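Here's the structure, in C-alpha cells; my notes come after.
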Amino acid sequence: MYALIQNNEIVKVFANPEGFILDGNQYSSQIFTAWSRAEKEEIGIYEIETDSSNFKDESYYINTNEIFEFKNGKAIRKWGTATAKQLNDVNATDENGDPIIQDGKQLVTKGLKSQKISVSKQQAAGLLQKTDWYVTRKSDNGTAIPQAIQDFRTAVRSVSNQQETQINACSNVEQLKALFEYAGIPSTRPLAEYPKEVI
Amino acid sequence: MPLILASNSASGGYNVANSLRFNSASSDYLSRTPASSGNRRTWTWSGWYKKCSSKDNGANNEQLFHQKDAANNNSMPVVFNTGSDNKFVWYDYNSPSYSAQKTTTQVFRDPSAWYHLVFAADTTLATASNRMRLYVNGSEVTAFDSSVNPSQNYDFNFNQAVQQVIGCYAISSNVNFFNGYMAEIQFIDGQQLTPSSFGETDTTTGIWKPKAYTGTYGTNGFYLQFKNSAALGTDSSGNGNTWTVNNLTSVDQSTDTPTNNFCTLNPLYYSGSQMTEGNLQFSASGSWTPALSTINPSTGKWYAEFKITQTSSNGVYIGVTPSNIYWTSGSIRALSNSGTWYGSDGQKYVDGTGTSYGATFTTNDIISVALDKTNNTIIFYKNGSSQGSLNLTSSTNSGDVSLAEDLYPYPSSVQANFGNPPYSANSYTDGAGYGNFSYAVPSGYYSLNTKNLANFG
C-alpha cells in the first residue's frame, strides 16, 4: 500500500496498484514494485507502514476509524479503538427503542455466542451424518449399530453440549476468544474437541 | 457447474476501476443524511452488484439500500431477499401495510456474475405499472411474485432528510448487512431513467456493460466510484454528497468490477456458508470441505496466492483439482482423481497419494500457485520460494480445473488472493498490470480475471 505525498500531506492512497498521472507524466501500476524506494519517494510515492497497535482479531472485533497520516517522513496507516463484536443476540430496536418488525418478524442480530454455537452444531451434524446410515439400517431391518459407532455418536453429542455450555459461560469477548486459542506442544485449547472420526 | 461470467471481457471502452467489498461479519455499510428532502416521486437508482451470499447457504435478507421516515415507522428498503428464494424485493412500507411492492419471480443465484440493477420511480405517471420499474442487466423485469403499484403522486419513504444507508437496514442497531461487491452506485434525483443511461450492449460479445452517465444528478444525486481508498464514500457527481464510511477500510477497495470480473471462491460448491470477505475467505466447518474457484481455466498460465490465516491439527491443503470433481465427504485431496495439492505437512498429494515435496507451512504463511495449463505443470511457492515444479497428471492435464483449498476443522481458515486480497498485500501486479499480490508474479503468468482470460486464456 502506497501514498502520494504533496506538501507533507497524503493526497492519495493506493490500496491497490494502479496507473496514475502526476505532473503531466503517466506512471504505470508496476512502478510500485519495479522502482526503488528512493526513486518512488523522489516523485512523492511513499510506502505506507502499518501501526497495528490498535488492530484486533477481526473475528471478534470491528477495527474502525482507519487513519492515514504522514509524519517525520513516514506514511502511516493506523486504527482507532477496536469495538468488540456483540456477544449475545439482540432484538433490533429503532431509535425510539421500539422493536423492529420486518415482514411480521422481530429482527434479531445474532451475537458471537450464537454464531459459535451454530458452527459447533454444524460440526456435530457433519460428524454424525457419516454414520447416520447405521441408524437408518437399524430402523429398517433391525441390524445392530456397532458399539464403536454408537460410542462415537454419543461422544459427538456430548462434546456439542459441552462446547455450548462453555461458550454460553463466557461473559466477554476475550473469554470467548480464549476458548478457541491453541497453545503448547502438542497444541490444545480450552474448548472441548470433537472425537476423531471412526469411519 | 457452469457459471455465467457476465462481464465485459473485451479490452477498451468504458472501464470501471473499482468496487467496494461489503462483509456482513464486520457490519460494513455507508450512510448519509441529506440536508433536505429531494424529489420523493421521481428518481432513479443504478448500481452494479456481485452478490456473495445465497439462501442456499442459510443467508438472510441483505439490504442494497434503505431509508426510513423521520418518525421511524415507515421505510423503503431494497433487498436482495436471500430469505425468500434469492429474489430482489423493492417495497415501500407504511405501517401497517405495503404502499408499493415488487418482488421478482426471477431468482438470482450466480455468485460469480455482476448484475446491473436499476430502480426507476415516477409516481406522477398516469399508467400505474410505469410508476415503479425494475431493470436487471438492461432488461425490464415484468414478472413479479407480488406487485403493488403505488398510487398516483405517492411520496416514497425515500430521498428525505433522514439517514440513508447502503449495505444494511437503517435502524439504530443496523442489521441485514450485504455480502458482496458494489460498483458504480448512482442516484438521480428528479428523473425516471432507463438502463440505457448507464449501460449498453457490447456489439461484439452481446454482454450488457457499463457506460458513462452523462446526465445531471439533481440536488440529492450522487455517484460513488470507490476510487479513493482513503475516502471510499466520495461523491463524484459534483454535488459533494459524500457518504460516511462505517467499518469499511482501504483494503475493501477492490478492482473486481463489471468491466473486469475477478475469480473468487465458489460458494455453490458445497461450502458457501463458510465464506466471507467477498467469497475470498474460507473457514473450515464440521467436516472436510473443499472450496473451489469460480473461474476454471483449461489453458493458459495463471497465478494466485493463499494466505493461511489459521491452521489446525488436520492441516491445510492448497491445490488444483478438476472443476467437475465429484465429492461427497472426506478430504477431497485424498481422492484418486483429485489433482495436485501442497499440504501444510510439506507433502505433495497427487491424485490422493502423499509424498515428500517441500517445506511445512503454518499460520500467516502465503502459498502461491503458478499453474501452467498450457504445458501442464504447477509450481507451489511458500512465501515467495519455489518448492519445485510438478507435472499435472491425467486428472488435471485436460479440461477445466479449479484452484482450491481443503480445510478441517474450524477455526482453520485461508484467504484467497486472485488479485484482490482481503488483506494488505505488496502491490505486485501481473504482466498485464492487474492484481495486487504479496510476491512477484512469475513472468508469463496472470491473475484470473475476465480481461486476462480474453487475452491469455
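The sequence lines fix the lettering, A, B, ..., with proteins before strands; numbering per chain opens at 1. Remember, predicted model here, so these are calculated numbers, not experimental data.
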Notebook entry, point to check: What's the shortest heavy-atom distance between A:S29 and B:G433, and which atoms?
Noted result: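 That closest heavy-atom pairing would be OG-O, 3.5 Å.
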Checklist line | Heavy-atom pair with the smallest gap, counting every atom of A:A15 and B:Q253 | finding: CB-OE1, 3.7 Å
Which answer fits [X], side chain, backbone, both or neither, if we ask what part of it has an atom under 4.5 Å from a heavy atom of chain B?
X: A:K85; answer: side chain
X: A:Y61; answer: neither
X: A:N63; answer: backbone

Could you measure the distance from the [atom1] atom of [X] to the [atom2] atom of [Y]? Nearest 0.5 Å is fine.
X: B:T249; Y: A:I67; atom1: OG1; atom2: CD1; result: 13.0 Å
X: A:N16; Y: B:N18; atom1: CG; atom2: CG; result: 7.0 Å
X: A:I62; Y: B:L248; atom1: CD1; atom2: CG; result: 10.5 Å
X: B:K227; Y: A:E18; atom1: NZ; atom2: CD; result: 8.0 Å

Is [X] in contact with chain A via its backbone, its side chain, both, or neither, using a 4.5 Å heavy-atom distance?
X: B:T328; value: neither
X: B:A231; value: neither
X: B:N23; value: neither
X: B:S329; value: side chain

If you define the side chain from C-beta out and look only at heavy atoms, does anything of [X] sit under 4.5 Å from [Y]?
X: A:M1; Y: B:N436; value: no
X: A:R77; Y: B:V251; value: yes
X: A:T33; Y: B:N426; value: no
X: B:S427; Y: A:F14; value: no

Give a yes or no on whether [X] atom [atom1] has more than 12 heavy-atom contacts from other residues, nucleotides or ligands under 6.0 Å away.
X: A:N7; atom1: CG; answer: no
X: A:E9; atom1: CD; answer: no
X: A:Q147; atom1: CD; answer: yes
X: A:Q129; atom1: CD; answer: no

Next item on the list: Determine, step by step, whether B:S250 and A:F68 satisfy the side-chain contact (heavy atoms from CB on, under 4.5 Å) criterion, reporting the C-alpha distance in whole Å, the side-chain angles of both residues, the deciding distance to 0.1 Å, and the verdict.
Entry: CA-CA 10 Å; B:S250 54; A:F68 296 92; 3.5 Å; yes
Item checked: B:S26 and A:E58 side chains, donor-acceptor separation under 3.5 Å ->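 No, because no side-chain N or O of A:E58 sits under 3.5 Å from a partner of the opposite role on B:S26.
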Check: Distance-only, no hydrogens or angles: does the B:S229 side chain make a donor-acceptor pair with backbone N or O of A:V13 under 3.5 Å?
Finding: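 Yes, B:S229 side chain to A:V13 backbone: donor-acceptor pair under 3.5 Å.
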